[in-house]
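As a basis for the values below, the full set of heavy atoms in this structure was taken, side chains included, without hydrogen atoms, waters or symmetry mates. So that the names make sense, note that chain A is the first sequence line, chain B the second, and so on, each numbered from 1.
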Amino acid sequence: MIYAKDINERTPWQELTPGGEIYEPGTARLFNTGTWRTNTPVFHEAACKHCMLCVPFCPDNAIPVQDGKRLDFDFMHCKGCGICENVCPFQAITMVSGGAPNE
Amino acid sequence: MSDRLSGNEAVAYALKQINPDVMGAFPITPSTEIPEYFAQYVADGEVNTEYVTVESEHSSMSVCIAAQAAGARAVCATSSAGLALMYELLYIAASCRLPVTLACVNRALSGPININNDHSDSMGARDTGWIQIYAENNQEAYDNFLMAMPIGETPSVRLPVMTCMDGFITSHAVENIELLETEVVRKFIGEYNPENYLLKKENPLAVGPYDVSPYYMEHKVLEAEAMKAAKARILEVATEFEKISGRRYGLFEEYRMEDAELALVLIGSTAGTAKAAVDKLREDGVKAGLIKIRVFRPFPGEELARALANTKAVAVMDKSEGFSANGGPLFAETRSALYDLKERPYLIDIVYGLGGRDVKTEDIEKVFGRLANIAATGEIGPVYTHMGQRSKEENA
Ligand code: SF4
Ligand code: SF4
């Protein structure tokens, strides 16, 4: 069985799966798609009330939660769409231009 | 066991014997009878196929793709515009490496709209990644369909298979036919056991993911290699089939080719007519022969070159136009195959039989007359011509 973690952009064709089939769930976790970002959200922890409104709104599941607390962004998957900034009632998120700083 | 069946009946009967898991069913002339006869088998409880009636051929092929990905054996039948409406899905089935089986009953593809036979529908789909196997008559339509799954489902191949027969000429004409016993067919086809499929809970599967450019090329190479591997598998399956049927199949049929100097290369039911013409010419001492291409994808280029190596003049007969302004698709393949020979025969292309235009033994004899002339004089004349159309000029 060929696993997603074992293939990359240097893998020869002989070692890829037919039709690009993927034999495991949740493999998006392994891929750094945060490089596509051109804007970046900044988390102001002091202002955050942990109301959890931003979490389900994030289309990329890039706002991790642990023990009822919202943690800093998962920049490996955040696309910088700004939806979280928009829905946060407490100005705990602001967008800055550019994708590089937080990688 | 012997019977009398039309080509469509024969394929429907093969389907009944196979008892596939899913059929994506949508009617279009002249393939309509296949899902129609099969619906009766479903209604009578003779098969336990999930018979999915859909609203278009785009959907019938989509049903087949989804079912096959889920781990089922999926089949459908279509013709002409129906095949054209499947166009995108044909590529999806092949590139997702899903061995769907499709009975294509060849009919002209519009326009002007026409329901009769030529090969423009399946020839338009020749580069979709499907294996294509063509029948001369009802027996071959039945046999080819039975061989399709053991070919396509082989792990080293995993490609969809299109078995083609000539619309009306083969699909609707009733002929004597030898049918295999159902238990023999079931044993020959075997169970469909893909290694991975959507309903396998041990390892959830994603089919047809987005492929970025660093991977796409590699996946296409895999697909191309599968098509190359299919050639050997087709022959292997033919050998196994011969054991249960006594009928022998190759990548193409060579008819009186041993010492042939003049030869035709063609596809489908015209072979019957051409064989009669070859026999007649042989009686007159003409060294005429015929190659009937059975497998068009993968194309048996090297084998064909060997078979034609000792001929003097060859006419490829294309039953589809192609509009390349440089000859039909069978001509392009044949001429390309012959390029590697040190000494090549003269080669011409004749596009004929479009939209059901009849071809008679006399027409075939005329083609051989032209070849005899070319072989004798070395003057090839126009390389790419049409035959059978009304014209102010004489044509052959
Ligand atoms: S910017 Fe968009 S992708 Fe990034 S965390 Fe906020 S909502 Fe999610
Ligand atoms: S919406 Fe704002 S306040 Fe609520 S959890 Fe998200 S960042 Fe914190």
Side-chain angles (χ1 to χ4, degrees), chain A residues 1-41 55-65 73-84 98-103, chain B residues 64-66 68-71 89-100 128-131 152-160 194-230 233:
Chain A
M1 185 86 76
I2 297 170
Y3 293 102
K5 69 172 171 43
D6 299 323
I7 65 166
N8 57 51
E9 296 186 6
R10 286 174 301 283
T11 310
W13 66 264
Q14 290 90 342
E15 290 165 25
L16 294 181
T17 64
E21 287 180 335
I22 301 165
Y23 309 122
E24 319 135 73
T27 51
R29 223 176 275 128
L30 301 169
F31 291 92
N32 183 4
T33 47
T35 54
W36 306 355
R37 194 169 61 247
T38 55
N39 290 317
T40 301
V55 177
F57 270 93
C58 172
D60 275 291
N61 213 1
I63 304 175
V65 177
F73 294 101
D74 163 13
F75 285 110
M76 197 168 146
H77 298 101
C78 165
K79 305 295 183 297
C81 66
I83 291 172
C84 53
N102 284 303
E103 272 164 50
Chain B
C64 289
I65 288 169
Q68 198 83 32
L89 288 315
L90 295 176
Y91 281 84
I92 304 286
S95 62
C96 289
R97 310 291 302 280
L98 298 168
V100 174
T128 55
W130 282 63
I131 290 167
E153 292 169 1
T154 305
S156 61
V157 176
R158 276 193 61 179
L159 287 173
E195 193 187 341
N196 296 289
Y197 50 96
L198 291 173
L199 295 180
K200 183 179 173 188
K201 58 185 187 308
E202 291 76 20
N203 57 293
L205 173 68
V207 175
Y210 179 71
D211 216 14
V212 288
S213 31
Y215 293 95
Y216 188 84
M217 179 95 191
E218 282 72 17
H219 288 134
K220 286 291 142 184
V221 173
L222 272 165
E223 200 181 334
E225 290 296 323
M227 187 56 92
K228 286 197 224 163
R233 182 59 188 153

Please report the C-alpha distance between A/W13 and B/H219 in whole Å, then the side-chain angles of each, then the deciding distance to 0.1 Å, and finally whether the side chain to side chain contact (heavy atoms under 4.5 Å, CB included) criterion is met. CA-CA 7 Å; A/W13 66 264; B/H219 288 134; over 6 Å; no
Residues A/P18 and B/R158: closest non-hydrogen pair is CG-NH1, 3.7 Å
Using non-hydrogen atoms and a 4.5 Å limit, figure out which bit of B/E225 sits close to chain A: side chain, backbone, both or neither.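 Looking at B/E225, just its side chain touches chain A.
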Would you give the length of the straight line joining atom [atom1] of [X] to atom [atom2] of [Y], rounded to the nearest 0.5 angstrom?
| X | Y | atom1 | atom2 | result |
| --- | --- | --- | --- | --- |
| B/N196 | A/Y23 | CG | OH | 5.0 Å |
| B/L222 | A/L16 | CG | CG | 6.5 Å |
| A/I7 | B/E218 | CD1 | CD | 10.0 Å |
| A/I22 | B/N203 | CD1 | CG | 12.0 Å |

Considering residues, nucleotides and ligands other than A/N8, do more than 12 of their heavy atoms fall under 6.0 Å from its CG?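 Check passes, neighbour count above 12.
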Exceeds 12 heavy-atom contacts within 6.0 angstrom, atom OH of A/Y3: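 Open: at most 12 neighbouring heavy atoms sit under 6.0 Å from OH of A/Y3.
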Contact winner vs chain A - B/P214, B/P204, B/A69, heavy-atom pairs under 4.5 Å: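 When all of B/P214, B/P204, B/A69 are compared, B/P204 has the most.
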Could you tell me which of A/Q14, A/E21, A/R10 has the largest number of non-hydrogen atom pairs under 4.5 Å with chain B? A/E21
When the 4.5 angstrom heavy-atom criterion is applied to A/E24 and chain B, the contacting part is backbone
